Every structure is written in structure tokens, then in C-alpha cells.
Amino acid sequence: QVHPVVIAGGSGTRLWPVSRDTMPKQFVSLLDSGRSTFEETILRVSGQGFARPVVVTHSDFRFVVAEQLAGLGVEADIVLEPERRDSAAAIAVGALIAAGRDEDAVCLVLAADHLIPDGDLFTADCQEAAAAAAGFQRIMLLGIEPTGPSTAYGYIAPGAPLGDSGAFTVERFAEKPNRETAETYVAEGYRWNSGNFVFPARLMQEELSTYAPEVLNAARGALEAAVRDLDFLRLDADAFARAPRISIDYAVMEKTRRAGVLKTRFRWSDIGSWDAMFDVKDKDAAGNVLEGAVSVLDTHGSFVRSDEVLTTVVGLDDVVVVTTPDAVLVTSRERAGEVKSLVAKLHAEK
Ligand code: GDD
Ligand code: MG
């Protein structure tokens, strides 16, 4: 049995104004299914072969997490972070909990904000990665075939085959390279890191204790002094605050020599921006994605979405217009990634 650890504490500012500090993108219904990516993530790992999921999230999101789990009829351990310390600390907590259930536990860490249309292929790949993780004592990555030199991802250079498991060793892991470097990586056959990790819980603890001991110690302390609150497990604030703010990619994956990679077959998108959302959605005859109370004239290749307020566009191409009851975003598709800077500016002005 694989122990799923869903990390759902990120902020997702590039999908503002639908994704908010109080309700980040992983909990918002952005998909045609009407479900959130968090719900889809939980559903992918609540079938056969998976233990009770652990959800690690910020305390602010406890009720939305509990509600969405209840809506699916899935029971999980919900662990609450008093503050955001990035993914290394959240994953350390997950690994410690899994190891507490079973010393030989194999964890599957899942990002809560990804779109994976081929759920069955994904779970099959995860089970294959889990077998390789246990058999070869590796932290397994799911390597996606790149579609371009994105600077938003980790890059993986596959090395030698790991036996006849279908997996490979990792020659190099490079988190978010610059454009030029990313271009050479794509040309050299590197893979994108999907942001899901499969590993023996004990091995992750060993690698954390070698490369990021403060993260592991803070996570351990925060768990030891954690308190039960209703159905939630609240991590101790003082102990957790000692965890350096660092992602698992920089903290462990760039340094470890125990990584492995499976070349994946499933379609994948980390719906990281409105443009990325646009890419994965079905278009109408004019190449538009129109959602909600919207109407357009002589407009092409555009993403127009409104929850409530009638939103109209005339004579524009390749734009994003997103309306919510209290905010409107207008940008070109090309520059939609810069919404992150916009949100930072809004915060500074507050
Ligand atoms: N619980 C918790 N607490 N979860 C967190 C925190 C935190 O403080 N910070 C981030 N997460 C969760 C997010 O909700 C998301 O599911 C996942 O960790 C990854 O965080 P992101 O902030 O979205 O990372 P990224 O997209 O920049 O980069 C990662 O994902 C890429 C693929 O989407 C890296 O792993 C890259 O290497 C990878 O290519
Ligand atoms: Mg992400």
C-alpha cells in the first residue's frame, strides 16, 4: 500500500482574481468536471492500493479541505501548518507521519493543483514508481516530456536504467533554470519534474537529515508537540517556525544521489497561469474558451470567464479577461504569467 501525502498549502497567485489568498486555486472549481484539482487529486488516490491519505495544508484552509473531503466521502488525516514554510517542511511532515504508521511505508507526495486527464495512467505510473522506489531505494520522480523551454519547472536528466523496472537513475536535477539553460536541457532530452514524488519514508528522512536537517528537525518537533483540534492535527507553531522556507526541489532533489525517474505516459498540466489553463481547455470555432456570463464579438484565441457579472469583448485576439464579483483582470495571453507580479504589487499597496 502506498501512503498518499497531498500537499495543498500553496497560494497560486497567477490565477488571480479567481485564486485568492483565502481560497487558492487548488480548492476552486476550475475544471469542466466542476470539481477542484484538490478533489480530483484525492479521488485519484482513494482507490485500491492506497492507504488513508494525509493532507498537509495551511490552517486557514482547514474547513474547505474538510468540506471537500466530506463531499467526496473520503476520510483523511488533515495536518495543519500554522504558517507557510514551502514544500520541504510539508513533505517532511508527511514522511514522518507515514513512517509512524509503518516503518517501511512508501509515500506518494501529490501536488494538489495539477490537471491530469488520464487518471488511470497516472495511478498506474505511481504504482510502478512505488515499486522502483522500494526495490531500488530511490526518491522517484515522474518525468514529463517537455513541450518547450519553460522556466517554471524542475528539469531532470535521466541516467542509466534501474534494472528492468522501466525507471532510470537521475544524472542531474535542476530547479527552474533560466531560459537559455532550459533550451539546452530540452535539446538534451531532459524531462520536466511533475512535482509528484514517490519514496520510502525512511529514505526521505535520511536525505532530509543530510541535506536539510533544520527542515527535518522542525517538522519532527512540530509533530511531537502537535495538538488535536476536532478532526485536525495542528502542528506546533514555535517548532514549525524553525523550518527554513525552502521547496523540496532545492532542499533535496538538486542534491540527493538517490533520485530515480520514470518517464510518464499521462497528460499533465500544472495549470500555473491563465494561459496554461487556456491550453488544456476545449476551444470553440473561433479558438476561444468562454466560461460563465460572457459574450464576445470578432474575438479569437481568447479566454473570457465570469462568475456573475456579464462580461463582453469586442475585436480583441489572444487576450485573457476574468471577472469575479469584486475584481477584473485583463491581460494578453502571452503575459498572463505576470499576474504573479501584479498580485505582489497589490499586496505592497495594501
Ligand atoms: N502544505 C503546503 N505548505 N503545501 C505547499 C506549500 C506549503 O508551504 N508550498 C507549496 N505547497 C504545495 C502547493 O500547493 C503545490 O501543490 C506544491 O506544493 C508545489 O508548490 P508550487 O509552489 O506550486 O511549486 P512550483 O509549481 O513552483 O514548482 C514545483 O512544481 C513543478 C511542477 O508543477 C516543483 O516541484 C518543480 O520542480 C515542478 O516542475
Ligand atoms: Mg505549481
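In each ligand, atom 1 is the first atom listed, and ligand 1 is the first ligand listed. As the structure is a prediction and not an experimental result, all values here were calculated from the model.
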Mind checking whether [X] contacts ligand 1 via backbone (N, CA, C, O), side chain (CB onward), both or neither, at a 4.0 Å heavy-atom cut-off?
{"X": "Lys176", "value": "side chain"}
{"X": "Ala90", "value": "side chain"}
{"X": "Asp270", "value": "side chain"}
{"X": "Ile7", "value": "both"}
{"X": "Glu175", "value": "side chain"}
{"X": "Ala89", "value": "neither"}
{"X": "Trp268", "value": "side chain"}

Among all protein non-hydrogen atoms, which one is nearest to [atom], and what is the separation to 0.1 Å?
{"atom": "atom 8 (O) of ligand 1", "answer": "Asp86 N, 2.9 Å"}
{"atom": "atom 39 (O) of ligand 1", "answer": "Asn193 O, 2.6 Å"}
{"atom": "atom 30 (O) of ligand 1", "answer": "Gly195 CA, 4.2 Å"}

(request) Kindly say whether the aromatic ring centers of Trp192 and Phe173 come within a distance under 6.0 Å. (result) no
(message) Going by salt bridge (Lys or Arg N to Asp or Glu O under 4.0 Å), name the residues that satisfy it together with Arg84, two or more places apart in sequence or in a different chain.
(response) none
Protein heavy atom under 4.0 Å of [atom]:
{"atom": "atom 28 (O) of ligand 1", "answer": "yes"}
{"atom": "atom 22 (O) of ligand 1", "answer": "no"}
{"atom": "atom 25 (P) of ligand 1", "answer": "yes"}
{"atom": "atom 34 (C) of ligand 1", "answer": "yes"}

Under 3.5 Å, side chain of [X] to main-chain N/O of [Y], donor-acceptor pair present?
{"X": "Thr181", "Y": "Pro177", "value": "no"}
{"X": "Asn288", "Y": "Leu290", "value": "no"}
{"X": "Asp86", "Y": "Ala88", "value": "no"}

(message) Any atom of ligand 1 sitting under 4.0 Å from a heavy atom of His114?
(response) yes
Atom indices of ligand 1 within 4.0 angstrom of [X] heavy atoms, with elements:
{"X": "Arg85", "answer": "8 (O)"}
{"X": "Ser194", "answer": "32 (C)"}
{"X": "Ala112", "answer": "16 (O)"}
{"X": "Tyr153", "answer": "32 (C), 39 (O)"}
{"X": "Ala111", "answer": "16 (O)"}

Any N or O of [X] closer than 3.5 Å to N or O of ligand 1:
{"X": "Gly154", "result": "yes"}
{"X": "Gly9", "result": "yes"}
{"X": "Gly10", "result": "yes"}
{"X": "Asp249", "result": "yes"}
{"X": "Val56", "result": "yes"}
{"X": "Glu81", "result": "yes"}

(message) I want to check a possible cation-pi pair here: Lys176 against Tyr153, using under 6.0 Å from ring centre and within 45° of the ring axis as the test.
(response) no
(message) Once you measure the plane-to-plane angle for Tyr185 and Tyr190, does it fall in the parallel (<30°), tilted (30-60°) or perpendicular (>60°) bin?
(response) parallel
(request) Give the ring-plane orientation class for Phe303 versus Phe278, where under 30° counts as parallel, over 60° as perpendicular and anything between as tilted. (result) tilted
(request) Can you see which heavy atom on Ala51 is nearest to which on Arg101, and at what distance? (result) CB-NH1, 4.0 Å
(message) Looking at every non-hydrogen atom in both residues, tell me the closest pair between Ile116 and Phe266 and how far apart they are.
(response) CG2-CD1, 3.9 Å
(request) For Asp125 and Thr123, test the side chains for any donor-to-acceptor distance below 3.5 angstrom and give the result as yes or no. (result) no
(request) Could you tell me whether Lys283 atom NZ has more than 12 heavy atoms of other residues or ligands within 6.0 Å of it? (result) yes
(request) Decide yes or no on salt bridge (charged side-chain N to carboxylate O under 4.0 Å, His left out) for Glu214 and Arg242, but give the supporting numbers first. (result) CA-CA 7 Å; Glu214 300 104 321; Arg242 277 179 226 125; over 6 Å; no
(request) Decide, yes or no, whether a salt bridge links Arg85 with Glu83 under the criterion of side-chain N to carboxylate O below 4.0 Å. (result) yes
(message) Exactly one of Val5, Asp249, Leu142, Leu110 should register a side-chain contact (heavy atoms from CB on, under 4.5 Å) with Phe197. Which one does?
(response) Asp249
